[in-house]
Trainee: 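I am attaching a structure below and will ask some questions about it afterwards.
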Amino acid sequence: MTEKVETLIEIKDLTFSRGERKIFDGITLSIPKGKITAIMGPSGSGKTTLLKLIAGQLPPDSGEVFVEGLNVHQLSRKKLYQLRRKMGMLFQSGALLADLNVFENVAFPLREHTKLPEEVIYALVLMKLQAVGLRGAKEMMPSELSGGMSRRVALARGIALDPEMIFYDEPFVGQDPITKGVLVKLIKTLNESLGLTSVLVSHDVDEVMMIADYICVISEGKLIAEGTKEALLNESTGYVNQFIHGLPDGPVPFHFPNVSYTDDLEGVHTGKRGLK
Amino acid sequence: MSGFQRFLQNMGQGFLEKVAAFGRGSLFIWSILAAIPSALFRFDLLLKQIYVTGVLSLPIILMAGLFVGMVLSLQGYNILVEFNAEEAVGSMTALSLLRELGPVVGGLLFAGRAGSALTAEIGLMRSTEQISALEMMAVDPLKFIYAPRFLAVIIVLPLLVLIFNALGVFGGYLVSVSWLGVDSGAFWSQMSSQVDWQEDVLNGVIKSVAFGVLIAVIALFQGVNAIPSSEGVSNATTRTVVHASLGILGLDFILTSIMFN
Ligand SMILES: Nc1ncnc2c1ncn2[C@@H]1O[C@H](COP(=O)(O)OP(=O)(O)O)[C@@H](O)[C@H]1O
Ligand SMILES: [Mg+2]
């Protein structure tokens, strides 16, 4: 790596728990500006939670998140909302507003945050819908869209205010191969044409390998690997190998943490009637 | 651990959870109240909620008001006629409606019709990440979602209760005058001499505003705290109706004992 890369998002020693469970246990990573960074990990590893921590929707137990040098969790509500205008987030479900049609969903951030005249809003919305290939669906309601279409509309909405960074939460899950291809291409072209910084959370190794510049792998609350995709592909042992090559068991256990199987069957810990 | 220790532990934990829930509830109400001024500037949102909660509840309120008034005057007539006082049936119907049955029955119906819908809507918006999406688009859900709904409920319920009462009196008129032959002039004059503006009408309105606050707080709180799954949302919806109904009946007793003693 010879080129000098600027850092946009910096996560320092972040910990976060849900009840008794430590979801993150001291994660430190940085996300470069203008690139596509993928954060990978098995489901339930806290990928969605990490995005919400970065966007300040959840407070961490300890540690810091800096976006453009601002400590997200120390900002006033007003400053935080200002920062969020520079962020777009594509939720797992699309999260379109159910009572507005496609056009109004994309127009929504423009109407809420700008005083643009109606003609300008119309032109901007059409432009964004054109970028995701759904100009023809502008009159449809969210309930009439397929999963892939919802995500593309959500993407158009996410870029409506020309954000500087965009977060994708598992964009490929539950999509057919063609839609996956469309989304891969969209994420790539948007990143290049709009000069965005993209953060992609996913466990779809194949798709991530096609577009990501950098990859971070998290597991059990820790960052276990970080680097360019070439570097990770060459890894042949441990977690990363298991994850990238989709092996069912390995350093990342197949079983959720539990007491031993025989103890459980005999009812040792629960005191319930077991097989004894 | 002995059974007694475990009992104590459960008691303590249950108590702490209640205190925590109460704290969260109060905080939530405060933040909604703080957002109301800015909600007033969004007249478009408020108007839409008034339509959704109010206009769509009209049919059930109209029908129920009519029937309640009819039943009241029928029963009233049967009792009053024994004392040769059947002309008082108009004032009896109006007083029962204005003081108690209008706010209480109207409130119960409204909790079932609009309160449950509110909880379900907000629970669904949360489980489909629409609320998170609003936050990410830098739109404050307090100002955009919660405050307009809170305000709409408080504005709409007193109006619905007044309509309920009017229809009830009309129903009473139909039964006692048109059907049972009570003198029309006596029906109205008895009513207007017995009904006191402040004591009966105003107190009824105050009651319905109080019930509106109660329903709005419960419905919003349950929606926001619903577990984001279909089962969680349906449980929260049920809780809204149950808590709001019991709350209305309890609060009604308290208000009545303050107002009419
Ligand atoms: N609202 C919540 N309340 C309690 N636990 C949650 C909540 N959201 C997520 N979790 C738990 O946090 C862990 C991480 O969740 P998530 O970030 O959604 O994982 P991922 O997106 O990687 O699949 C999971 O074990 C999940 O059960
Ligand atoms: Mg997730």
Side-chain angles (χ1 to χ4, degrees), chain A residues 48-49 51-58 72 75-100 104-114 142-143 147 150-151 153-161 163 165-170 271, chain B residues 1-3 5-6 13 16-17 20 24 27 30-32 34-35 38-39 41-45 47-49 51-53 56 117-118 120-149 152 223-224 227-230 233:
Chain A
T48 303
T49 308
L51 289 184
K52 292 195 167 170
L53 283 163
I54 294 176
Q57 289 192 309
L58 289 173
V72 172
L75 293 177
S76 66
R77 197 175 172 88
K78 197 166 161 224
K79 288 262 164 54
L80 179 63
Y81 272 65
Q82 272 169 8
L83 181 63
R84 285 199 189 140
R85 290 191 201 185
K86 300 181 189 169
M87 301 174 169
M89 167 108 65
L90 190 67
F91 286 88
Q92 233 158 326
S93 57
L96 298 175
L97 298 175
D99 56 348
L100 301 179
E104 287 302 322
N105 259 290
V106 180
F108 181 81
L110 296 168
R111 293 199 200 287
E112 288 298 319
H113 292 308
T114 69
S143 57
S150 302
R151 279 179 213 190
V153 174
L155 187 48
R157 181 179 70 178
I159 57 172
L161 285 174
M165 60 203 106
I166 184 155
F167 306 122
Y168 298 91
D169 192 358
E170 314 225 11
Chain B
M1 201 192 308
S2 77
Q5 271 176 318
R6 193 170 301 154
Q13 195 175 356
L16 285 182
E17 274 164 18
R24 266 182 296 142
L27 212 64
W30 272 119
S31 46
I32 288 183
S38 47
F41 282 101
R42 291 300 301 265
F43 204 63
D44 53 330
L45 297 175
L47 218 55
K48 182 168 175 202
Q49 288 312 313
Y51 176 79
V52 171
T53 50
L56 297 184
L118 248 180
E121 186 196 19
I122 289 178
L124 273 177
M125 288 186 88
R126 268 177 37 90
S127 69
T128 54
E129 296 178 307
Q130 290 180 55
I131 304 269
S132 284
L134 284 176
E135 282 176 9
M136 279 311 299
M137 288 186 282
V139 172
D140 190 345
L142 272 174
K143 295 176 190 163
F144 194 81
I145 303 282
Y146 305 140
R149 282 162 176 74
V224 169
I227 296 165
S229 67
S230 45
V233 173

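Each chain gets a letter, A, B and so on, in the order its sequence line appears, and its residues count up from 1.
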Trainee: If you count heavy-atom pairs under 4.5 Å between each of A:Met89, A:Gln57, A:Gln92 and chain B, which one has the most?
Mentor: A:Gln57
Trainee: Can a salt bridge be assigned to the pair A:Glu112 and B:Arg42 using a cut-off of 4.0 Å between side-chain N and carboxylate O?
Mentor: yes
Trainee: So which of B:Val139, B:Leu134, B:Thr128 has the largest heavy-atom pair count under 4.5 angstrom toward chain A?
Mentor: B:Val139
Trainee: Given a strict heavy-atom distance threshold of 4.5 Å, which part of B:Arg126 is in contact with chain A: side chain, backbone, both, or neither?
Mentor: neither
Trainee: Looking at residues at least two apart in the chain, or sitting in another chain, which of them share a side chain to side chain contact (heavy atoms under 4.5 Å, CB included) with B:Arg24?
Mentor: B:Ala21, B:Asn225
Trainee: According to side chain to side chain contact (heavy atoms under 4.5 Å, CB included), who are the partners of A:Leu83, at least two apart in sequence or on a separate chain?
Mentor: A:Val67, A:Glu68, A:Leu70, A:Val72, A:Leu75, A:Met87
Trainee: Select one option (side chain, backbone, both, neither) describing which atoms of B:Leu124 are under 4.5 Å from chain A's heavy atoms.
Mentor: neither
Trainee: Side chains of A:Leu90 and A:Asp169, heavy atoms from C-beta outward: is any pair under 4.5 Å?
Mentor: no
